[in-house]
Amino acid sequence: MTERYVMSIDQGTTSTRCILFDHGGRLVSVTQREHRQHFPRPGWVEHDATEIWRNLERIAPEALAQAGVGPEQVAAVGIANQRETTVLWDRRTGVPVTPSIVWQDTRTDALVDELSRRPDAHIVEERCGLPLATYFSAPSIRWLLDHTPGLRERAERGEVLFGTMESWLIWNLTGGPDGGVHVTDVTNASRTLLMDIRALAWDDTLLDFFGVPRAMLPEIRPSAETYGVARRVVPGVRIAAALGDQQAALFGQTCFARGEAKCTYGTGSFLLLNTGTEPVRSTHGLLTTVGYQIGDQPAAYALEGSIAITGALVQWFRDRLGLIGTAPEIETLARTVDDNGGCYIVPAFSGLFAPHWRSEARGIIVGLTSYITKGHLARAVLEATGWQTREVVDAMNADSGLDLTTLKVDGGMTANNLLMQFIADVLDVPVVRPMVAETVSLGAAYAAGLAVGYWPDLEGLRRNWHRAAQWLPAMEPGRREEEYDNWQRAVQRTFDWIKPPKE
Amino acid sequence: MPGPVQSIERAAAILRVLAQGSGRLGLSEIANSLGLARGTAHGILRTLQMVGFVEQDEATGKYQLGAALLHLGTSYLDVNELRSRAINWADALASRSGEAVRIGTCLQGKVLVVHHVFRPDDSLQTLDVGVLLPMHATALGKVLLAYDANAAAAMQNGELEQFSRRTIRTPKELARALAGVREVGWAAEIEEITIGQASVAGPIRGYGGLVVGAIGISGAVERICDAQGRPRPDFVTYVRDAARAVSRDLGASRW
């Protein structure tokens, strides 16, 4: 039987998608299912890992049916996943022992504060390349171990397993309680705060620092390598890749050479720059992270500019303010006016990520006058994504010593022409969208296909990349300066809003 | 929970067709727009008439929206929403055919380009989203006209601009071409607007089969057409598959 397709699973923050790609990297079928977002308290965000697994059990066969093929025609499965979200489950029953703590959750605020005051706190950034923040997995694991009676003992005995979403799905696909493989990949492991970024191994000092028992951790493996064979959902198919979603997009955009960068526009937005086989330390608020590792080759590292709220601002505009019916309508509304009317929105909903890293900042709308209409607000919503991109690009240029000459973009928001034009305008470089906007899924498929020999090498993948659209800068430089200055002044006004608790 | 009721989807589509212009439409025009049998369309129209959503002119027998609808807003598919829903399939179409892809909707007697995917050869190309194209001289336009009786009726009066020797000249010729489009379910244009260029397009349908846009490829005539000067069958299949995939995403079940 010929293996005609590679299956990609994108387990994202709001939904899980399953896509089949053909040999040309072209999309053949797509299925998707959203899962519930639980907000039990202000600042808490939880997912039900069982619901996510059930969704996958449903959409994967649907994707095969849509293409009219069976699992025997699938060469491999690759997984891309929302990063950092923490799942703890019972090794014997396969049932999650707590709700999953999502990367946006800020409940570990006080814990992170306390940990960062320890005299040995500097080792965290030195060893793993990331600042100590609520965003990453280790504080969430620690919080769950501290707040669930008996959990730490069970974790020490190896009865409770930790994983990010890819670990959870691979474990279930390969049999669950009945022989499931407990692994993670280097990119996901690099987001836990527990891995030595040079050695690509769990670091005992960091495990001690956070009080996380080694027995609960998955084995760290390369991003592209056969981890095992599926026994459920797609029986007999090799599971051959896992990458954090942003790293998967870097791979899908074929940014295989040092100096190549992409930005993915989704709920949040993430600019990643391939820095080659050496990790680069940022002095401008960027993260050092692993880009990917193919088999036993050396890992490729990346600098990352993480923006927490971009598409999520449009969703807020739709769901909380009700000013539009669907997300794409933001463009229609924004086009009812010619400019922002002097209005700026800084969406520091859970503080600001790169390059500011201000957890005490909160969102603002400034420049309100009686002139402002909902059209101006819609403009300001889109412009917020443009200016936040400009801030991380500036940081990236400063850290790498290179000047970005074009920006490769992907993700759902690239369907928004007004936004893409605005990004080209404020960056003053061309913005290019590749033929497959679903680069997260494509990257996971590429990595899996590469691991099983469905695609021969990186060069072959590169030849699949084609430009689908390009936006050229057209903003007058004086106006760009003026608007950027206004934006930066707006950002300043979000700082220091949340007051430290009284002693 | 029971599934959607097909006759209600169709009734909604008929109302949208009637809402799209100021003119009144006859039974066959409505049936043709939606690809429905005359009997089916007639049954639905009679029901809509009973509930006051549709009125029939006694003298001409043509249908128009009823008074009961005056209080209901009409909403069309937002073009940005259409682009968003179609983007993956448009990419796949460009990639399979090796040609540029455009999606168009009807705007004041022209085709408004709402989405454009470059020909995947990485040559220098310029986005032409927002550009207006003539209806009668493009494959996109012919598809839109074929399934929009009001727009087609409007073309019967105006002058048809000539772009080349092969541009459709008369309203009669146009009507014949549109009937052909409805018969096969896709449209082609060969050197009718630009010498050396050809295009193929198919309808994007929403709920009930209402045509909300057209998707098509365009490029050099020697690539788009075979030795006999007809559109290559594999390209026609790619276009129709893409049109169907987008339609399915938009909720059109039959296509």
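Convention: sequence-line order gives letters A, B, ...; per-chain numbering from 1.
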Winner by heavy-atom pair count (cut-off under 4.5 Å) against chain B, out of Gln66(A), Glu329(A), Arg335(A), Met435(A): Met435(A)

Main-chain N/O of His466(A) paired to Asp122(B) side chain as donor or acceptor, under 3.5 Å: no

Contact check, side chains of Val30(A) and Trp89(B), non-hydrogen atoms, under 4.5 Å: yes

Part of Arg85(B) lying under 4.5 Å from any heavy atom of chain A: neither

Exceeds 12 heavy-atom contacts within 6.0 angstrom, atom CZ of Arg223(B): yes

Interatomic distance, Gln32(A) atom CD to Asp249(B) atom CG [nearest 0.5 angstrom]: 9.5 Å

Positive for side chain to side chain contact (heavy atoms under 4.5 Å, CB included) with Asn417(A), one of Val114(B), Asn80(B), Leu127(B): Leu127(B)

Selection from Asn88(B), Asp241(B), Leu82(B) maximising heavy-atom pairs under 4.5 Å formed with chain A: Asn88(B)

Residues, nucleotides or ligands: over 12 heavy atoms within 6.0 Å of Asp457(A) CG: yes

Option that, when pairs with chain A are counted at under 4.5 Å, heavy atom only, ranks first among Ala90(B), Ala92(B), Ser95(B), Gly130(B): Ser95(B)

Non-hydrogen atoms of Pro328(A) and Asp78(B) that approach each other most closely: O-OD1, 4.3 Å

Engaged part of Val28(A) at the chain B interface, taking heavy atoms whose separation is under 4.5 Å: both

Spacing of CZ belonging to Arg83(B) relative to OG1 belonging to Thr414(A), to within rounding of 0.5 Å: 10.0 Å

Student check: side-chain heavy atoms of Val129(B) and Gln421(A) closer than 4.5 Å: no

Most chain B-contacting option - heavy-atom pairs closer than 4.5 Å, from Pro434(A), Gly25(A), Ala415(A): Ala415(A)

Part of Ser123(B) lying under 4.5 Å from any heavy atom of chain A: backbone

Val117(B) portion near chain A, given a 4.5 angstrom heavy-atom threshold: both

Contacting moiety of Asn464(A), where chain B heavy atoms sit under 4.5 Å: neither

Crowding at CZ, Arg54(A) (>12 non-hydrogen neighbours, <6.0 Å): no

